Number of protein chains: 2
Amino acid sequence: MQKYVKELKYHKLKITPQRLDILKFLDNNRVHPSADEIYQAIKIDSPALSKTTVYNNIDVMVKNNIIKSFRFMDSNELRFDYKTTEHYHFICRECKSIYDIDISLPYFEKFKNYKHKVEEFYGDYKGVCENCLKNNSKNK
Amino acid sequence: MQKYVKELKYHKLKITPQRLDILKFLDNNRVHPSADEIYQAIKIDSPALSKTTVYNNIDVMVKNNIIKSFRFMDSNELRFDYKTTEHYHFICRECKSIYDIDISLPYFEKFKNYKHKVEEFYGDYKGVCENCLKNNSKNK
DNA sequence: TGTTAGATTGTAACTATTACATTATAGTTA
DNA sequence: TAACTATAATGTAATAGTTACAATCTAACA
Ligand SMILES: [Mn+2]
Ligand SMILES: [Mn+2]
Ligand SMILES: [Zn+2]
Ligand SMILES: [Zn+2]
């Protein structure tokens, strides 16, 4: 818990139980949950929690680079990640699980002398995950 | 116009004025418009158009691979593209223009023997476009 | 030309998110 | 420790984009 307090203090953000709950939940549940999933999970032990608080804190933490937000190509809801270092995502079209892809790709090298100045890259992959491949022969 | 009729016929879709309008608009305006932008533009000459029709037809055309849909990481609205061949997008953080990036990248080769079966890739780039670089020295 | 499956329309509902006003509290100060 | 104040939490209402639905219409075909 001290880890989260330290992180918030570093960014000059007030330490509130709600913020600690959100950080703890994201850290312990690396499934890239949506705002509502975070809200529903925390509400079990802290029924007074407001969804607005979840949104507010998610915003401020994303702005401070404590957590990361992203969105899948075919989904309309934002998802959140405790991990802020460069990585990509793989979503399984069968079970909808989201996996981290830590392979680094040479995205920017290609654009050294490109007409536009490329600063950021966002990418994600889709397919069938190893579990679904194992359980369902039709995906082979 | 015959081009669009042919395309719709090939997919066994009825030829309606609304469908032809949407296809023609997307073909002649390669700016990756949103559903509402398509609607607003066509409504000028065809005021009876319903937004539901735009959504319905966009859906059916995406499903038939006549047009492509995508979404930018920080936007909540879908955008549409007449071009369905593999390509990526670059969005300018200054003027918000969206450019096609036709450079092919070796995304899938990396995953030949990967634990998950990778089938699709989606990616987009962000930065400052050549026009904004020219017009604004602070971006250099 | 009549028939009908599928398309169009307008309205209402829905989902994710944001705005806003009120109340509460974390962190600071006396 | 008590008081103060800037910031945070809460609940409600508003918004944006999209989808559901029922009534009406029309493209395609016999
Ligand atoms: Mn991740
Ligand atoms: Mn494009
Ligand atoms: Zn799976
Ligand atoms: Zn620009």
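The figures that follow rest on heavy atoms only: side chains count, while hydrogens, waters and symmetry mates do not. Note that the structure is predicted; figures quoted are calculated from it, not measured. Here is how names work: the chains are called A, B, and so on, in the same order as the sequence lines, proteins then strands, and each is numbered from 1.
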Could you check how far [atom1] of [X] sits from [atom2] of [N], rounded to whole Å?
X	N	atom1	atom2	answer
R19(A)	dG27(C)	CZ	P	9 Å
E37(A)	dT17(C)	CD	P	11 Å
K51(A)	dA13(D)	NZ	P	16 Å
N57(A)	dT25(C)	CG	C1'	13 Å
D21(A)	dA8(D)	CG	P	16 Å
H11(A)	dT7(D)	NE2	P	17 Å
L49(A)	dT12(D)	CG	P	15 Å
K43(A)	dA9(D)	NZ	P	17 Å

Nearest to the side chain of [X], which nucleotide is it out of [options]?
X	options	answer
K14(B)	dA26(C), dT8(C), dA27(D)	dA27(D)
T16(A)	dT17(C), dT18(D), dA8(D)	dA8(D)
T53(B)	dT17(C), dA9(D), dT9(C)	dT9(C)
Y55(A)	dA16(C), dA9(D), dT9(C)	dA16(C)

First of P47(A) and R71(B) reached from the 5' end of DNA chain D, by closest nucleotide: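 So the residue in question is P47(A).
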DNA chain D: 5'-proximal contact among E77(B) and L13(B) (nearest heavy atom): E77(B)
For N56(A), which contact category applies under a 4.0 Å heavy-atom criterion: base, sugar-phosphate, or nothing?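 Result for N56(A) = base.
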Name the orientation class of the two ring planes belonging to H116(A) and Y99(B) (parallel below 30°, tilted from 30 to 60°, perpendicular beyond 60°).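 Correct class here is tilted.
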Taking the side chain as C-beta and beyond, is there a heavy-atom pair between D74(B) and R71(A) under 4.5 Å?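 Side-chain contact under 4.5 Å: no.
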Are M61(A) and V5(A) connected in the hydrophobic side-chain network, where two residues link if heavy atoms are under 4.5 Å apart? yes
Any strand is fair game: report the nucleotide pairing with dA30(C) by Watson-Crick or G-U wobble, both distances under 3.5 Å, or none.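 Matched dA30(C) with dT1(D) under the 3.5 Å cut-off.
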Let me know, please, whether S50(B) or N76(B) comes out on the 5' side of the other along DNA chain C by nearest nucleotide. S50(B)
Is it the case that the base of dT12(D) and the side chain of T52(A) share a donor-acceptor contact (distance under 3.5 Å, atom types as modelled)? yes
Out of the candidates I22(B), V60(B), L23(B), D81(B), only one should pair with I67(B) under the side-chain contact (heavy atoms from CB on, under 4.5 Å) rule; please name it. L23(B)
Given dT25(C), is OP1 or OP2 found less than 4.0 Å from the side-chain N or O atoms of Q18(A)? no
Donor-acceptor under 3.5 Å (S46(A) side chain, A48(A) main chain):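 Pair absent, no side-chain N/O of S46(A) close to backbone of A48(A).
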